[in-house]
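Here's the structure, in structure tokens; my notes come after.
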Number of protein chains: 2
Amino acid sequence: MPVELRPLEALTLWHRVTLDLVREDGQDLSHDLSARQLAILLTIYLEPPPHTVRGLAGKLGVTKPVITRALDTMGRLDLVARRRDDADRRNVVIQRTVKGALAVERLGDLIVAHGRVLPR
Amino acid sequence: MPVELRPLEALTLWHRVTLDLVREDGQDLSHDLSARQLAILLTIYLEPPPHTVRGLAGKLGVTKPVITRALDTMGRLDLVARRRDDADRRNVVIQRTVKGALAVERLGDLIVAHGRVLPR
DNA sequence: CCGAAATAATACGGAACCGAAACGATCCGG
DNA sequence: CCGGATCGTTTCGGTTCCGTATTATTTCGG
């Protein structure tokens, strides 16, 4: 049943990476990062700036307080940083950090490493 | 810089799938499922049974109450089920459910769909 | 200028989760 | 048969997060 093969491999990849994330815990990343927090983190580091609270809330389909709180948490972990926009001081511009960049990079390496189970 | 290409694509895949998971919310899956809960769910559905609380705790490197609570939550969502082991009534055997199988299957399809961005 | 609009943050009550420890139920070797 | 070991659950105090509603600050059109 070659049709079933691809989804199973995709799930296997997801499974192994997630397991690694959970087990690393003490490390910078994860510590049981929620799906929302991870989505925010990846958006900040993969999509072109600037990123705002409102923009992220819209993109994820969640309310603004969710973003604010996630930024509080990830800011405490030094994964992201906040700065007032001088052009429009109502806005907060979310900035990347060295630690956050390293964490995202490490996640990429992790996926690639486990991706070797996939054919081709 | 062809060296950077693969990790970036892997992260892009992860990003898009995670975004979909967060946005689906109301659906069966996610509702901001934690990394731990997802790891447990995938272990149950991808690795051969039987699965026990102690076994899962060991595999994930977390304490038993963490597993118990995650099973409570996911059981409430009907993603997994618990049953006493008749052979050894101290054990609890974690069982799959139709709803859980569908959710995992849907995740697999989601990854495959977004995986089309990856070359080859 | 000044009031409406927009932005992010905060307050609030409720729910979930954490780690550590204690607890009941069950098994099993001697 | 019984005492230790094993297993899953529960309890405890504390922390975090949720959604909704509200607040403070800033911008901008008329």
Side-chain angles (χ1 to χ4, degrees), chain A residues 18 21-27 29-41 43-44 49-95, chain B residues 18 21-27 29-41 43-44 49-95:
Chain A
T18 305
L21 283 182
V22 168
R23 287 195 275 232
E24 268 174 355
D25 224 285
Q27 303 283 17
L29 247 186
S30 81
H31 172 54
D32 204 20
L33 216 57
S34 78
R36 285 177 172 180
Q37 291 168 333
L38 186 57
I40 293 170
L41 190 70
T43 299
I44 293 169
H51 296 288
T52 65
V53 172
R54 177 157 191 81
L56 290 173
K59 176 169 280 285
L60 300 201
V62 299
T63 60
K64 285 185 291 180
V66 168
I67 303 296
T68 295
R69 281 186 294 250
L71 293 180
D72 288 343
T73 301
M74 294 193 292
R76 227 175 291 129
L77 297 175
D78 201 24
L79 294 175
V80 299
R82 272 185 279 206
R83 192 176 53 80
R84 277 284 164 189
D85 181 0
D86 287 326
D88 184 341
R89 298 191 53 72
R90 289 174 303 180
N91 290 333
V92 162
V93 179
I94 292 110
Q95 297 184 299
Chain B
T18 305
L21 284 181
V22 169
R23 288 195 274 233
E24 267 174 355
D25 225 283
Q27 304 282 16
L29 245 186
S30 80
H31 173 52
D32 204 21
L33 217 56
S34 77
R36 285 179 175 181
Q37 291 169 332
L38 186 57
I40 293 170
L41 189 71
T43 299
I44 292 169
H51 296 289
T52 64
V53 172
R54 178 160 192 81
L56 290 173
K59 176 170 280 289
L60 300 201
V62 299
T63 61
K64 287 185 293 179
V66 167
I67 304 296
T68 293
R69 282 185 292 250
L71 292 180
D72 288 345
T73 300
M74 293 193 292
R76 229 174 288 129
L77 298 174
D78 202 24
L79 294 175
V80 300
R82 274 186 277 207
R83 191 176 53 81
R84 277 285 163 190
D85 182 359
D86 286 326
D88 184 341
R89 298 190 52 74
R90 289 173 303 179
N91 290 334
V92 163
V93 179
I94 292 110
Q95 297 185 298

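Residue numbers start from 1 in every chain, and the chains themselves are labelled A, B, ... in the order their sequence lines are given, proteins ahead of strands.
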* Report, as a single string ordered 5' to 3', how protein heavy atoms within less than 4.0 Å touch nucleotides 1-11 of chain D: B base, S sugar-phosphate only, - not at all. => -----BSBBBB
With rounding to the nearest 0.5 angstrom, report the [atom1] to [atom2] distance, [X] to [Y].
X     : Y     : atom1 : atom2 : value
B/I67 : B/L60 : CD1   : CG    : 4.5 Å
A/L41 : B/T18 : CG    : OG1   : 10.5 Å
B/L38 : B/M74 : CG    : CE    : 9.0 Å

Atom-to-atom span, [atom1] of [X] to [atom2] of [N] - whole angstrom:
X     : N      : atom1 : atom2 : value
B/L60 : C/dG19 : CG    : P     : 12 Å
B/D85 : C/dT26 : CG    : P     : 13 Å
A/H51 : C/dT7  : NE2   : P     : 17 Å
A/M74 : D/dC17 : CE    : C1'   : 13 Å

Please enumerate all protein N or O atoms sitting under 3.5 Å from an N or O of nucleotides 13-16 of chain C, with distances to 0.1 Å.
none

* Take B/T63 and B/A87, find for each the nucleotide of DNA chain C with the closest heavy atom, and name the residue whose nucleotide sits nearer the 5' end. =>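 Looking at the nearest nucleotide for each, B/T63 comes out on the 5' side.
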* Qualifying residues under salt bridge (Lys or Arg N to Asp or Glu O under 4.0 Å), relative to B/R90, sequence neighbours excluded ->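 B/R90: salt bridge (Lys or Arg N to Asp or Glu O under 4.0 Å) contacts with B/D88.
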* Excluding sequence neighbours, so at least two apart, what forms salt bridge (Lys or Arg N to Asp or Glu O under 4.0 Å) with A/R84? ->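 Salt bridge (Lys or Arg N to Asp or Glu O under 4.0 Å) list for A/R84, sorted by chain: empty.
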* Asked: For B/T43, which residues count as a side chain to side chain donor-acceptor pair (under 3.5 Å) partner, sequence neighbours excluded?
  ->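 B/T43 satisfies side chain to side chain donor-acceptor pair (under 3.5 Å) with A/H15 once adjacent residues are dropped.
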* Which residues pass the side chain to side chain donor-acceptor pair (under 3.5 Å) test with B/R89, sequence neighbours left out? ->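 Once residues adjacent in sequence are excluded, the partners of B/R89 under the side chain to side chain donor-acceptor pair (under 3.5 Å) criterion are B/D86.
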* **Summary of side chain to side chain donor-acceptor pair (under 3.5 Å) pairs that have at least one residue in residues 58-77 of chain A, sequence neighbours excluded** =>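 Pairs touching residues 58-77 of chain A that pass the test: A/E47-A/K59, A/D72-A/R82.
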